[in-house]
Protein chains: 4
Amino acid sequence: MNRQKMNTKELIARTAMELFVEKGVTETRIRDIASAAGIAEGTMYRHYASKDELAWELFSTNLEAFGLELDRVQKEHSTPRAKLDAMIHHFCRAFDEDWVLFSYLLLSRHGHSKKVTPDMVNPVDVLRRTIADGMEGGDIPKGDPDVATSMVLGLILHVADSRADGGIEQSLLSLSETLSAASWRVLSG
Amino acid sequence: MNRQKMNTKELIARTAMELFVEKGVTETRIRDIASAAGIAEGTMYRHYASKDELAWELFSTNLEAFGLELDRVQKEHSTPRAKLDAMIHHFCRAFDEDWVLFSYLLLSRHGHSKKVTPDMVNPVDVLRRTIADGMEGGDIPKGDPDVATSMVLGLILHVADSRADGGIEQSLLSLSETLSAASWRVLSG
Amino acid sequence: MNRQKMNTKELIARTAMELFVEKGVTETRIRDIASAAGIAEGTMYRHYASKDELAWELFSTNLEAFGLELDRVQKEHSTPRAKLDAMIHHFCRAFDEDWVLFSYLLLSRHGHSKKVTPDMVNPVDVLRRTIADGMEGGDIPKGDPDVATSMVLGLILHVADSRADGGIEQSLLSLSETLSAASWRVLSG
Amino acid sequence: MNRQKMNTKELIARTAMELFVEKGVTETRIRDIASAAGIAEGTMYRHYASKDELAWELFSTNLEAFGLELDRVQKEHSTPRAKLDAMIHHFCRAFDEDWVLFSYLLLSRHGHSKKVTPDMVNPVDVLRRTIADGMEGGDIPKGDPDVATSMVLGLILHVADSRADGGIEQSLLSLSETLSAASWRVLSG
DNA sequence: AATGAATGAGCGTTCATTCAT
DNA sequence: TATGAATGAACGCTCATTCAT
């Protein structure tokens, strides 16, 4: 993140997200954000109506963008296996490129996940649809697609989580194939 | 949980844990706990020095107990495969018996997980040791035990998580074999 | 006002009213009330939900009580003239006994007067009804009762106002007959 | 008020006064004034040093102008009765022509009235002097001129107040003679 | 042991004011 | 002269904690 090129709103967004991931939304003070961003406390309110709106906009906007990217990635491939591999690769790259954003969207437990409406594009849905389609098409043994998705997603995200808190040292991209292979074995039950 | 048989301290502990899981520790007020437990606001301080100490004691005590149980369960079996199956079965039963406690220990993102010292018995370590031993003994293909543990744990916990928030309807015990099989396939990479 | 005998809620009510009259509601800070009452800032919120609720309860409760008293006073007399005299006497006594309360109810320009619902007993209505009845009964020359009420009330309240800010030095009770006579002459148009 | 012909300073003055009357000075934000006037927030400070100075200049300038007009009106007549009638007529016309200005000067309870120095010409003084002179000259029965002035002024202003908030529907000019007659009866005590 | 009124530091937010453009 | 983003002191209010009963 090149803080030099950022305008004030982007600077606030980025700084806030880092603190939100580090300490949690509730535990992050407006004063923390302001001082970390080098701005006055009141400045945030010129760009966001409230701390809650800031946290929500950060979440919903980026989640949808990530969901759309993931969907685009999936569309570039034809078989379920290729789609899954590409999506996992995309998860890994996204984590390595910006683990703070990745954590805020997929690993944090702010209450915002509950507020995602079904009409919003959503990475979890994209993954689930691919798995469900694979089951229908016969490429993946039939089973409960929710359970299958949950297992695969847990497998991936928990590794990301371990990487984020230091329990794992490799880059996610270097683990991409391991994760793909493991996910596929999970699905070949 | 039979609230009739509880003494005040147990009542506080249980009520607090339910609220901690439902809303998060920071978001739970002493007043919430007191009114849900039917006691006065000041009463908690007869039993715990502070809200933080309450949250920590709830976490550390129960985590260690869970770790010890898991270790006992693992010891009852001799092969890595049997150990793993038994542990996953234990995870599932623990969830089904008390998903609030399970969530507080293994799914919540209070900062307390960072405070577990290496000397404390800890479910994650128990699982990791079994996997590492399996790799050393040749029952599990060699690989990074941290990554392997993370994948298996993520697979299990994320399913528990989905069950807790309604995304999955089955009991965990009914999914126990599915989870065992999938975990084993993950490890047979 | 004997501050010794007051409980905390009464103390807050009284202190707040004095400051509200002196400086206005918006201009009075919670910290002003707390320090003038010798309590902590948070204590007010144990007794009133907000500053606004405090200002409103102070207004509505006392206004209704004053309206009821005025109505009782009016009922003790049979002719419009006697009713009017008694009411004016009551206004004067009320002012002399507690000019702060009188000012808060009848001379201040907090926006609360606009929120009085028609079902609340209200001193202005009591006065208006007496005047309107007098016009119907032939004791007061017919005219617009709203205008008549407004003139009489203005005459009385503005003298009270002058007394409150030092422009007039006499007690209102000593001016009671002057005000009665003047009011009656206004109505005998 | 023809907003087209106004320069920026006049536009600010007028817009501010309307909002001050509608909501009170403290309750009116610079942002309210700016957006209602269609100017930027900082622009006010090119013309007035502060919000307070704006409120004060609006008050003091116009109050003195109004006092001077009232004095001129009074001087055009020779008897106390004629002077009083003419002044009341002037009050009524002034209200009907610009009730916002009238309200700001004579009905509002911004703290500015307390800051009028004795050397400033002032409508209340003009009225009081006429009444006092009438008492000295024998045209008005002797009495306390402050009390008499307060009664007459209250009578008039409270009717204006009722008209401003909708309690009375007639124009003040149409009530001018009623107010004159009533005032004179008040003074003939 | 239990109570609940009282405390006050610290929060999110507002808004009069400044100043680079 | 006009702009509007930025400022930061000060506000109303919350809530973990204390303590007299």
Side-chain angles (χ1 to χ4, degrees), chain A residues 7-9 11-12 25-35 37-55, chain B residues 7-9 11-12 25-35 37-55, chain C residues 7-9 11-12 25-35 37-55, chain D residues 7-9 11-12 25-35 37-55:
Chain A
N7 62 28
T8 303
K9 184 166 186 171
L11 178 63
I12 291 167
V25 174
T26 309
E27 292 78 5
T28 299
R29 314 286 153 226
I30 296 292
R31 280 155 173 80
D32 297 336
I33 300 171
S35 79
I39 59 167
E41 293 172 43
T43 301
M44 193 209 80
Y45 293 91
R46 194 156 269 287
H47 302 282
Y48 298 93
S50 65
K51 181 174 128 174
D52 245 38
E53 202 214 69
L54 167 59
Chain B
N7 61 29
T8 302
K9 182 163 187 173
L11 179 62
I12 291 169
V25 173
T26 310
E27 292 77 7
T28 299
R29 316 283 155 230
I30 297 292
R31 189 167 298 179
D32 298 335
I33 300 171
S35 79
I39 58 168
E41 286 184 52
T43 301
M44 192 211 77
Y45 293 90
R46 298 271 144 213
H47 301 279
Y48 298 94
S50 68
K51 182 173 123 173
D52 244 39
E53 200 215 70
L54 166 59
Chain C
N7 60 29
T8 304
K9 181 165 190 173
L11 177 63
I12 291 167
V25 173
T26 309
E27 291 78 5
T28 300
R29 313 288 152 224
I30 296 291
R31 280 157 171 78
D32 297 336
I33 299 172
S35 79
I39 59 168
E41 292 172 44
T43 300
M44 194 209 80
Y45 293 91
R46 194 157 267 288
H47 301 282
Y48 298 94
S50 66
K51 181 174 128 173
D52 245 37
E53 201 214 71
L54 166 59
Chain D
N7 61 28
T8 302
K9 181 164 187 172
L11 179 63
I12 291 168
V25 173
T26 309
E27 291 79 5
T28 300
R29 319 278 156 235
I30 298 291
R31 187 168 300 180
D32 298 335
I33 299 171
S35 80
I39 58 169
E41 287 183 51
T43 302
M44 192 209 79
Y45 294 89
R46 299 270 144 213
H47 302 281
Y48 299 94
S50 68
K51 182 173 124 174
D52 245 39
E53 201 216 70
L54 166 59

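So that the names make sense, note that chain A is the first sequence line, chain B the second, and so on, each numbered from 1.
- Here E:dA5 presents its C1' atom at 14 Å from CG of C:Leu11, a figure rounded to the nearest Å.
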Take nucleotides 14-21 of chain F nucleotide by nucleotide from the 5' end and write B, S or -, depending on whether a protein heavy atom sits under 4.0 Å from the base, only from the sugar-phosphate, or from neither.
BSSBB-B-
Can you run through DNA chain F from 5' to 3' and write each base as (, ), [, ], | or . depending on how it pairs? Watson-Crick or G-U wobble, both distances under 3.5 Å.
.||||||||||||||||||||
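- Here the straight-line distance linking atom CD1 of C:Ile12 with atom CD1 of C:Ile39 works out to 4.0 Å at 0.5 Å rounding.
- A donor-acceptor pair under 3.5 Å is formed between the side chain of D:Lys51 and the backbone N or O of D:Thr28.
- The CD1-P distance, from A:Ile33 to E:dT13, rounds to 10 Å in whole Å.
- Rounded to whole Å, the distance from OH on A:Tyr48 to C1' on E:dG12 is 17 Å.
- Scanning both residues, C:Val25 and C:Ala55, for their nearest heavy atoms gives CG1-CB, 4.1 Å.
- Annotation: salt bridge (charged side-chain N to carboxylate O under 4.0 Å, His left out) contacts of C:Glu41 (sequence neighbours excluded): C:Arg31.
- If you take CD1 of A:Ile39 and C1' of E:dT13, they are 14 Å apart, rounded to a whole angstrom.
- The two residues D:Glu27 and D:Asp32 come nearest to each other via the heavy atoms O-OD2, 4.0 Å.
- The side chain of A:Thr8 contributes an N or O atom lying less than 4.0 Å from OP1 or OP2 of F:dA6.
- The CE atom of A:Met44 sits 4.0 Å away from the CD1 atom of A:Ile30 when rounded to the nearest 0.5 Å.
- Summarising the geometry, the separation between CD on C:Glu27 and P on E:dT14 is reported as 19 Å, rounded to the nearest angstrom.
- For A:Glu53 and E:dT13, the CD to P distance is 10 Å, given to the nearest whole Å.
- Listed here is the closest heavy atom pair of D:Thr43 and D:His47: O-CD2, 3.5 Å.
- Contact annotation: A:His47 side-chain N/O to F:dA5 OP1/OP2 distance is not under 4.0 Å.
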